[in-house]
Amino acid sequence: MKRSNWISLALVAVVIVLWELACRWFTIPDFILPPPIEVAKVTILKAPLLLPHAGVTALEIIAGIVLSLLIALPLATVMFAVPSVERALSPFLVASQAVPVFALAPLLVIWLGYGLASKVLMAAIIIFFPITVSLLEGYKNCDREYAVFFDLMGAGFRQKMRLLYWPWALPYFFSGLKVGVTVATIGAVIGEWVGAQKGLGYLMIQANARLQVSLVFAAIVWLSAMGLALWAFVGLLEKKVITWK
Amino acid sequence: MLSVSGLTKRFEDLSVMEGFDLTLRRGGFTTLIGPSGCGKSTLFDILTGVFPRDGGRISWLGEDLPDLMGRAAYMQQKDLLLPWLSLIDNAMLPATIAGADREESRRKALSLFDRLELDGFEGYTPSKVSGGMRQRCALVRTLMFEHELVLLDEPLSALDAITRRGLQGLLLLLQNEFRKTILMITHDIDEALLLSDELLVLTPMPMRVRERFVLDMPKAGRSINPELLKIKAHVLEELEGDIREAV
């Protein structure tokens with residue numbers, strides 16, 4: 001393991017130990033701040049309770065990622081292919097980021113109900129922007145000399161897209177996707193907070209109301225683990241796909 | 001054969017060429033040499049269709065054309081190999097884009113890899129091989145174009161002297177074995193004298209042909225040919241004169 005990794009691990013360990021000691025010294029009650037050992041116990045022992053909820057949240061996140069990819073990939077490609085479309089849509093794309101997405105959550109629940117759909121859309125809205133923007137940036141970053149060379153070979157737009165622009169943009173796409181998958185969790189959880197019958201966000205709200213703070217923490221641990229796992233998965237995929245860097 | 005007549009190009013107030021004429025003999029090797037910034041690269045950009053021209057005609061084999069896009073092979077200083085493709089796939093790119101039979105073009109590329117001593121490296125990506133090998137791969141790719149006309153824009157200027165010597169010989173392959181008609185831009189007078197049948201010395205902007213040399217002596221032993229040494233001294237003096245004037 002690299003030295004920087006050791007430092008990160010040591011930092012985490014120090015925070016956990018301080019947290020544990022603080023809980024003991026100041027005798028903080030469990031319903032305010034449970035000690036890490038208690039959190040760890042609940043995280044593992046309550047797995048049968050947490051797992052089905054985590055499954056629902058994971059499904060929402062993954063469906064959200066798929067949905068946003070289905071929109072972002074063609075949209076970025078069309079924006080790149082037709083500059084007037086890019087000019088027309090760019091202001092909306094930027095403006096969409098100015099809208100606090102969380103504020104949309106109650107509306108989405110009213111429109112789409114308490115089921116999966118509102119959470120999936122919530123996650124998709126959050127991920128959509130970094131993926132679209134990074135992919136478009138990647139396409140545009142392609143060296144002009146290569147594009148001219150492809151013209152000289154008589155390549156059509158689809159050939160240029162497939163053989164040149166898409167592979168060129170892949171590293172950009174993956175960095176956008178990495179940002180996307182880590183924030184996707186936020187979308188799903190906010191959606192669940194506002195109105196749901198299942199999911200880790202729903203479980204957190206329920207546990208919070210009953211002052212089962214250690215269960216809230218356990219849900220956070222599971223959520224973070226899911227986010228990290230997704231991020232690591234995208235990282236692995238990137239390594240598999242981009243072999244030339 | 002390629003014939004360019006009355007080519008005119010302006011960038012706002014700057015007149016790059018006014019009535020530039022050029023005729024290439026079929027199967028010949030013509031080199032353009034001129035002071036830097038004289039408009040040689042703009043000429044190539046116009047020929048390849050990067051910029052539109054303001055006036056003049058371009059015709060290839062008697063047919064008037066807007067530009068040579070899709071009609072000429074092209075090789076420049078940057079190898080323009082795609083980093084995500086293996087050397088062989090890079091070399092096959094013109095054939096892939098033209099929709100040629102894959103097996104047949106692969107065979108052709110492999111035999112060229114053999115010729116250019118790239119055999120065994122087919123599966124490597126460009127980042128794994130040396131600059132000279134990348135440029136040899138670019139040369140194979142140039143040969144994979146089915147076009148007779150080849151445009152070379154300082155194809156070897158990024159290489160070190162020794163690698164360059166090796167590759168100059170390979171450029172002659174284009175002409176002798178593959179019967180290509182070649183138009184090359186270079187800054188290197190020695191390279192021009194070594195390779196070409198015809199040498200055109202250009203003026204500063206607005207660009208025109210200042211002097212034309214027909215080099216009909218055999219290509220072997222050219223580096224010590226006294227006549228060529230005289231031409232070299234003369235051309236260098238002219239180019240240096242341009243630089244002095246510019247300064």
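The chains referred to below are lettered A, B, ... by the order of the sequence lines, with proteins before strands, and numbering in each begins at 1.
Dense packing is recorded around CD of Glu177(B), with more than 12 heavy atoms of other residues, nucleotides or ligands lying under 6.0 Å away. For Tyr146(A), the OH atom is densely surrounded, since the number of other residues' heavy atoms within 6.0 Å is greater than 12. Heavy atoms from other residues, nucleotides or ligands lying under 6.0 Å from CH2 of Trp244(A) number more than 12. Heavy-atom neighbours of Trp193(A) CH2 from other residues, nucleotides or ligands within 6.0 Å: at or below the threshold of 12. Around CZ of Phe157(A), the count of heavy atoms belonging to other residues, nucleotides or ligands within 6.0 Å exceeds 12. Applying the 6.0 Å contact sphere to NZ of Lys198(A) captures no more than 12 heavy atoms from other residues, nucleotides or ligands. Other residues, nucleotides and ligands contribute only 12 or fewer heavy atoms inside 6.0 Å of the CZ atom of Arg106(B). Taking a 6.0 Å sphere around CZ of Phe233(A), one finds it holds 12 or fewer heavy atoms contributed by other residues, nucleotides or ligands.
Of the atoms belonging to Glu145(A), heavy atoms from both backbone and side chain fall under 4.5 Å from chain B. For chain B, the nearby parts of Leu163(A) are the backbone and the side chain; heavy atoms of each come within less than 4.5 Å. At a 4.5 Å heavy-atom cutoff, the contact between Leu164(A) and chain B is made by backbone and side-chain atoms alike. At a 4.5 Å heavy-atom cutoff, the contact between Leu93(B) and chain A is made by backbone and side-chain atoms alike. Proximity to chain A (any heavy atom under 4.5 Å) is shown, for Leu47(B), by neither the backbone nor the side chain. If you measure heavy-atom distances from Phe145(B) to chain A, the contacts under 4.5 Å come from the side chain alone.
To the nearest 0.5 Å, the span separating CE on Met69(B) from CE on Met153(A) amounts to 11.5 Å. Considering CE of Met75(B) and CG of Leu152(A), their distance stands at 14.0 Å, rounded to 0.5 Å. For the atom pair CG (Asp143(A)) and NZ (Lys78(B)), the distance works out to 4.0 Å, reported to the nearest 0.5 Å.
Counting only residues at least two apart or in different chains, salt bridge (charged side-chain N to carboxylate O under 4.0 Å, His left out) contacts with residues 147-158 of chain B comprise Arg26(B)-Glu148(B). Within the structure, salt bridge (charged side-chain N to carboxylate O under 4.0 Å, His left out) contacts touching residues 120-131 of chain B (residues at least two apart or in different chains) do not occur.
Using a 4.5 Å cut-off on side-chain heavy atoms (C-beta onward), Phe149(A) and Thr48(B) make no contact.
Counting heavy-atom pairs closer than 4.5 Å to chain A, the top residue among Asp67(B), Asp45(B), Thr125(B), Leu82(B) is Leu82(B). Across Val148(A), Asp151(A), Thr243(A), Leu170(A), the residue that shares the most heavy-atom pairs under 4.5 angstrom with chain B is Asp151(A). Annotation: maximal heavy-atom pairing with chain B below 4.5 Å, among Gly156(A), Ala155(A), Pro167(A), occurs at Pro167(A).
Residues meeting the side chain to side chain donor-acceptor pair (under 3.5 Å) test with Ser134(A), sequence neighbours left out: none.
For residues 83-90 of chain B, a heavy-atom distance under 4.5 Å to chain A picks out Pro83(B), Trp84(B), given by residue number.
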_Audit row: Gln159(A), Thr96(B), side-chain contact (heavy atoms from CB on, under 4.5 Å) steps and yes/no_ = CA-CA 9 Å; Gln159(A) 285 177 318; Thr96(B) 307; over 6 Å; no
